[in-house]
Amino acid sequence: MKSAFETYFESLKGKRIAVFGLGVSNRPLVRLLLEFGCDCLGCDKTPRENLDAEVLELERLGCKLSVGEHYLDDLEADLVFRTPGMHPGNPALEALRAKGAEVTSEMEVFFEVCPCTILAITGSDGKTTTTTLVSEILKAAGKTVWVGGNIGTPLLPRVREMKETDCCVVELSSFQLMDMKRSPAVAVVTNLAPNHLDVHKDMEEYVEAKKNIFKFQNEKGVLIVNADNDITAPFVGNGTTKAFSRQGKDVSVKLEGDMITRDGVPVLNRKDILIPGEHNVENYMAAIAAVEGLAEDETIRQVARTFGGVAHRIELVRIKDGVRFYNDSIASSPSRTIAGLKSFPEKVILIAGGYDKHIPYDVLGPEVCTHVKKLFLCGATAPQIRAAVESCAGEKPEITDCGKFENAVKAAAAAAESGDVVLMSPASASFDEFKNFAVRGDFFKKLIMEL
């Protein structure tokens with residue numbers, strides 16, 4: 001009997017297939033399409049002279065290319081795979097739909113053909129750490145676990161290796177979710193706050209995209225939400241809805257004193273959590289709800305005592321001359337940076353600023369005044385962050401505008417004295433100077449190690 005995977009890809013023969021975007025997630029997809037003898041057109045805005053060896057190899061294997069400035073002009077296709085970074089309302093996609101083309105994505109197909117249980121996590125903050133926690137707990141419980149989506153490697157090419165008894169833990173961004181019509185068995189929404197409004201037309205569209213993670217669940221589905229977040233608290237799934245609360249609300253998973261309980265049963269003392277910060281208490285609560293029935297509580301406690309965190313998330317880089325340097329490059333929004341600031345009992349030296357995603361910074365000002373003693377700014381959002389801080393009443397930190405990221409890092413390091421914490425937590429995206437937050441974080445670590 002053929003698997004759902006084989007049945008799907010064999011059904012594509014004879015169709016004209018366009019793959020929009022030839023980045024990391026879509027290159028393995030193109031290889032799969034070529035393996036099954038499909039007529040494949042790869043579309044990417046990169047000019048031909050700048051294409052890397054892997055894309056040219058795909059062309060040699062039989063993928064036709066449409067590249068450069070006019071890569072989406074005059075296309076014909078029966079099926080289009082949208083790259084996550086492209087809005088579903090893109091005019092080229094709309095034109096193809098009008099001609100009868102179906103638009104899907106690598107992630108949508110993965111959900112259709114995956115043979116095992118999928119647990120998926122989304123949210124404005126905490127989704128990568130929560131995804132990692134869920135996967136680490138399930139691995140410690142003896143499960144074979146596949147991790148991917150917005151984190152790790154593309155999952156679709158690995159489906160043939162998966163068994164029904166395995167678990168897939170998937171991080172999903174709003175871009176991946178925008179036109180998804182399938183939902184996982186277990187869906188987690190860590191929290192929601194304004195984010196990515198440079199891509200989404202408004203906050204409503206952003207929230208509606210996130211809701212797709214549970215909208216298509218059946219009555220057996222499980223939805224887990226943050227009861228302390230005004231946006232996620234009212235969410236209700238088609239099956240079982242569970243909530244977690246650090247503020248002690250009367251929900252399934254809550255914090256009672258220092259103890260995280262699930263349905264009144266003590267599960268984990270917050271003092272046993274190795275990674276710092278109140279937000280990580282919430283991440284563990286979400287994970288505890290997600291793995292119910294799949295892992296023993298002792299396994300959760302074992303992971304909490306040993307898990308040291310995810311790179312670029314309040315990552316201790318170095319202690320030099322008594323100064324602790326932390327990399328929190330993942331913090332591309334004010335809410336992420338606020339969580340980072342609250343992870344330290346002392347006032348910190350903060351490096352912030354970067355690419356402008358058109359999100360408000362007013363909420364950041366009071367937290368900077370409370371938790372920061374010196375602020376070093378860079379990038380396009382520097383004026384907004386400065387304005388948010390200066391609009392606050394009372395004592396304010398010393399603010400220095402540095403222009404470039406490297407200048408801000410070096411200036412902050414030079415200003416630090418023994419006992420200080422230097423935190424790079426930008427509250428902004430990285431795209432002004434870097435390909436992504438990981439490249440920014442790695443560059444920060446390189447600069448710190450060179451001190």
Neighbour count above 12 (heavy atom, 6.0 Å) for Asp230 CG:
no

Got more than 12 heavy atoms from elsewhere within 6.0 Å of CG, Asn218?
yes

Contacts of Tyr284 that satisfy side-chain hydrogen bond (donor to acceptor under 3.5 Å, both in side chains) - sequence neighbours left out:
none

Can you find a side-chain donor-acceptor pair between Thr46 and Asp44 that sits under 3.5 Å?
yes

Partner of Thr122 under side chain to side chain donor-acceptor pair (under 3.5 Å), chosen from Lys127, Glu171, Gln176, Lys210
Lys210

Test item: Ser135 side-chain N/O and Thr132 main-chain N/O as donor-acceptor pair under 3.5 Å
yes

Non-hydrogen atoms of Gln217 and Asn238 that approach each other most closely
O-ND2, 2.7 Å

Using 30° and 60° as the class boundaries, would you call the ring planes of Tyr326 and Phe344 parallel, tilted or perpendicular?
perpendicular

Could you tell me which residues satisfy side-chain contact (heavy atoms from CB on, under 4.5 Å) with Glu57, sequence neighbours excluded, listed by chain and number?
Arg31, Arg60, Leu61

Only one of Leu294, Val170, Val145, Ile224 forms a side chain to side chain contact (heavy atoms under 4.5 Å, CB included) with Leu119, so which one is it?
Leu294

Measure up the Tyr355 and Phe431 rings against each other and bin them: parallel (under 30°), tilted (30 to 60°), perpendicular (over 60°).
perpendicular

Shortest non-hydrogen contact between Ala290 and Val188, atoms and distance:
CB-CG2, 4.0 Å

Looking just at side-chain N and O atoms, do Asp263 and Ser252 make a donor-acceptor pair shorter than 3.5 Å?
yes

Ring centre gap for Phe434 and Phe405 strictly below 6.0 Å
yes

Which pairs with one or both residues in residues 129-140 pass salt bridge (charged side-chain N to carboxylate O under 4.0 Å, His left out), sequence neighbours excluded?
Glu136-Lys139

For atom CD of Glu69, is the number of surrounding heavy atoms from other residues, nucleotides or ligands below 6.0 Å larger than 12?
no

Can you confirm whether Glu94 is buried at CD, in the sense that more than 12 heavy atoms of other residues, nucleotides or ligands lie under 6.0 Å from that atom?
yes

Any residue meeting side-chain hydrogen bond (donor to acceptor under 3.5 Å, both in side chains) with Thr131, in chain and number order, not counting sequence neighbours
none

Sequence neighbours excluded, the answer for salt bridge (Lys or Arg N to Asp or Glu O under 4.0 Å) partners of Lys163 is none

Please confirm whether the backbone N or O of Ile213 pairs with a side-chain atom of Ser183, one donor and one acceptor, at under 3.5 Å?
yes

I'd like to know if the side chain of Ser11 reaches the main chain of Tyr8, judged simply by a donor and an acceptor atom lying under 3.5 Å from each other, with no hydrogens or angles considered.
yes

Are the side chain of Thr240 and the backbone of Val222 linked by a donor-acceptor contact shorter than 3.5 Å?
no

Is the gap between the ring centers of Phe20 and Phe81 under 6.0 Å?
no

Enclosure of Glu164 CD (heavy-atom neighbours >12, cutoff 6.0 Å)
no

Greater than 12 external heavy atoms within 6.0 Å of Glu450's CD:
yes

Measure from the side-chain N and O atoms of Asn229 to the backbone N and O of Thr232, and report whether any donor-acceptor pair falls under 3.5 Å.
yes

Does the Asn327 side chain pair with the main chain of Val317, one donor and one acceptor, at a distance under 3.5 Å?
no

Would you please name every residue forming a side-chain contact (heavy atoms from CB on, under 4.5 Å) with Cys114, sequence neighbours left out?
Phe110, Cys116, Ile118, Met162, Cys168

